Every structure is written in C-alpha cells, then in structure tokens.
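Structure, as structure tokens:
Counting convention: from 1, in listed order, for ligands and their atoms alike. Since we're looking at a predicted model, the values are computed, not measured. Just so you know, these numbers use all the heavy atoms, side chains as well, and skip hydrogens, waters and symmetry mates.
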Amino acid sequence: MQVAIIGGTGFYDPGSLDVVREHAVVTPYGRAHVLTGRVGGMEVGFLARHGSDHSIPPHRVNYRANVWALHHLGVRWVLATAATGSLNPEFKPGDLVLLDQFMDFTRGRPATFFDGGEAGVVHTDFTEPYCPALRAIVAEAARAEGIPLHPRATYVCTDGPRFETPSEIRAFRTLGGDLVGMTNVPEVVLAREAGLCYATVAIVTNWAAGISPSPLSHEEVLEVMAGRGAALRRLFDAALGRLPPATGCGCGAGAGRPGGRR
Ligand code: HPA
C-alpha cells in the first residue's frame, strides 16, 4: 500500500474508501490503527489522527507511532487534513488551503525519530516542509474538480487543547502566520524524517481568537468540517487518481529509518 490519508478533526470517515482490513500496527512507540481499502483500483490507508471517536487530544496523539506505522505498511504518499483557525483575512471559514510552511510553537512533544543513541543524530532539511510534487498534484486536482483551494499558507502549530489568546494570535500574525492549528507539527516533521511525501489540506473552521466575533468552540469547528467533508473527499479522490507524480521530489533523499540507525 503506497498511499494513505490521515484524517484530522471532523474527518473520521474514509468516504469513498472501500474498507477491507483494519490493522493494529505494533510500533516501537506503541500501537497505531490503520484501515486499508480501495479507492478506485488503488489500495489506500486511512488513519484517524484523534481516533475514530475523537478520544485523543492533540497533545496526546502518538504522532511517532502513526507515521512509523504508515512507513512500515509501505506508504509513500500521505494526504492529511487539518482543522484550523484563520489569522489572515484572505482565508475565511470554510476555505480549503494547501499548506506550504509551518511554525512550531509546541513544547515537549516527542517530535523526532532521531533521539540520539541507536537512532543517531540527524538534522533534516526543512526548506520545503511539504512535498512539492504531492502539493502540485493536489492543486491540479482542485483545478480539475473546480474546488477553490488557496495554494499556500503558513501554519502555526500550538499545543492546545485550549484555543489561543488574542495576544498570541496577534503575535503569530506579526510573525507571518496565516492559520493556527494543534496537530500538523510534529506530523509533517516525522513524515519527512521517514522519507514520506506528505501534504496537508487545511480547512478554515473559524476566525482565530480575538478576530472571531464570538468565543471559540469545538462544536463550531465540527460544524464547518461537516460542511466541507464532501469537497475534501472529492479533492482527495481526484488527487489519488493522479498519483504517482510525474515530477520527482527530494522527500525520500537522505531520509532515515524511523526508530533505527541509517
Ligand atoms: N486554534 C487552534 N486550533 C484550531 C483552531 C483554532 O482557532 N480551529 C481549529 N483548530
């Protein structure tokens, strides 16, 4: 299986995935649950980041187990979703956005496969954090399907589970952030360390704190996600149908073996 979808908040249903198997993959970091099935003729995996019942908060997601499991199953391309608040007036609730940069404001999350010791000391290049070839495929699929998609944005990752303060949001905006969420880091980092091609389509579910006219709530996030689920699934199906990319990328070059020495 070469392709997988990581579904974030509000995206628990693999949709057009014809599920045939559920795998509980035992990894050096704990268990990860991956569904596998077919989309069209292609074998595709689906991993619900927060669990199928949204029982795992963002700071407790076992990101290393999840990415290790996909790597172990032979996955090469990963399409992920991320619910986000917007700090940029150009990105409105309901919009779909293809991430191209991130800023990491998390603290103390296990964020690497290369923890010294057996795993070695590895410094991974993040000049282009998301796979350019996979991003191009998603952008092309959006054009072909007539689904509006912002082509780039900087994602700010916080630990959560609380939402941000208006002061934090002002600071993130001053720094150049466009969207804020709680999960894309370290997932994107681990994917690159494992040599996977990884892209994220963010869904703007709300204006960020202090920009929103009302207090933020998880219900509001779920409501907008429910409204955009069909478009997101259509976009992913169209992107899956365009794999593999015609152009190469450097995501696998210099990648390590998660959990072990290179
Ligand atoms: N902040 C952080 N994470 C989020 C938000 C937000 O406003 N909306 C959806 N996920």
Note to self: Could you check whether N88 and S86, counting side-chain N and O atoms only, form a donor-acceptor pair closer than 3.5 Å?
What the structure shows: no
Notebook entry, point to check: Taking the six-membered ring of F11 as reference, does the NZ or CZ atom of R233 fall below 6.0 Å from its centre and within a 45° cone about the axis?
Noted result: yes
Next item on the list: Write down, by chain and number, every protein residue that brings a non-hydrogen atom to less than 4.0 Å from an atom of ligand 1.
Entry: A83, T84, G85, F163, E164, V180, G181, M182, T205, N206, L216, V221
Margin query: With a 4.5 Å cut-off on side-chain heavy atoms, are T205 and E223 touching?
Written below: no
Check: Under 6.0 Å from the six-membered ring centre of F126 and within 45° of its axis: does the NZ or CZ of R192 meet both?
Finding: yes
Margin query: For a ring pair (Phe, Tyr, Trp, His ring centres under 6.0 Å) check, start with the C-alpha distance between F172 and F105, then their side-chain angles and the critical distance, and finish with the verdict.
Written below: CA-CA 10 Å; F172 295 153; F105 282 88; 4.7 Å; yes
Notebook entry, point to check: Does E168 use its side chain to pair, donor to acceptor, with the backbone of T165 at less than 3.5 Å?
Noted result: yes
